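Encoded as structure tokens, the structure appears first; notes follow it.
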Amino acid sequence: MVKVQEIPLNQIKRPLPRTNDPKKVEALMESIAEIGQQEPIDVLEVDGQYYGFSGCHRYEACQRLGKETVLARVRKAPRSVLKMHLA
């Protein structure tokens, strides 16, 4: 089951390093500041821990704006699914 909720940014682990496009992050920052976050990021919840693998630009934009939370689609998953994402 997937639910959309606000998740504290500092509780989301991002195990795969990504390089973001600075212009895209800036554009998202402007948009989020003006109209709010429109599209949630996707996170896995495994054993009560949140792992983010997509929405990197939105995540960084919210971080740089000083937001404490980010809108996220949360999908509970077993550790085996997490391992597949890390492979």
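Sequence positions, counted from 1, serve as the residue numbers for this chain. Note that the coordinates shown come from a computational prediction; the quantities given were computed from them, not determined experimentally.
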Distance in Å, Cys56 SG paired with Asn20 CG, rounded so as to fall on 0.5 Å steps: 5.5 Å
State the CD-CG distance between Glu30 and Leu65, to the nearest 0.5 angstrom. 10.0 Å
For a quick test of your reading: what N or O donor-acceptor pairs under 3.5 Å do the side chains of residues 74-87 make, sequence neighbours left out?
from, atom 1, to, atom 2, distance (Å)
Arg79, NE, Asp47, OD2, 3.3
Arg79, NH2, Asp47, OD2, 3.0

Kindly indicate, with the supporting measurements, whether the criterion salt bridge (charged side-chain N to carboxylate O under 4.0 Å, His left out) is fulfilled by Glu60 and Arg18. CA-CA 11 Å; Glu60 184 178 335; Arg18 288 252 165 85; over 6 Å; no
Looking at Pro40 and Arg73, what are the two nearest heavy atoms and their distance? CG-NH1, 3.4 Å
Considering only heavy atoms from C-beta outward, does the side chain of Val70 approach that of Glu6 to under 4.5 Å? no
Pairwise side-chain contact, Thr69 with Ile7, heavy-atom cut-off 4.5 Å (strictly under): no
Looking at Tyr51, does the NZ or CZ of Arg14 lie under 6.0 angstrom from its six-membered ring centre and within 45 degrees of the ring axis? no
Taking all atoms of both residues into account, what is the closest heavy-atom pair of His57 and Leu28, and its distance? CB-CD1, 3.4 Å
Between Asp21 (side chain only) and Lys23 (backbone N and O only), is there a donor and an acceptor less than 3.5 Å apart? yes
What about Leu9 and Tyr50, same hydrophobic cluster or not, with Ile/Leu/Val/Met/Phe/Trp/Tyr joined at side-chain heavy-atom distances under 4.5 Å? yes
In this structure, CD of Gln63 is separated from CD1 of Ile12 (nearest 0.5 Å) by 9.0 Å
What is the minimum heavy-atom distance between Ala72 and Val43, and which atoms define it? CB-CG2, 4.1 Å
Taking the hydrophobic residues Ile, Leu, Val, Met, Phe, Trp and Tyr, and joining any pair whose side-chain heavy atoms are under 4.5 Å apart, which ones share a cluster with Leu71? Val4
For Glu68, is the CD atom crowded, meaning more than 12 foreign heavy atoms sit under 6.0 Å from it? no
Determine whether Leu16 and Phe53 make a side-chain contact, defined as any pair of heavy atoms from C-beta on separated by less than 4.5 Å. yes
Counting distance only, does the side-chain N/O of Gln5 pair as donor-acceptor with the main-chain N or O of Lys3 below 3.5 Å? no
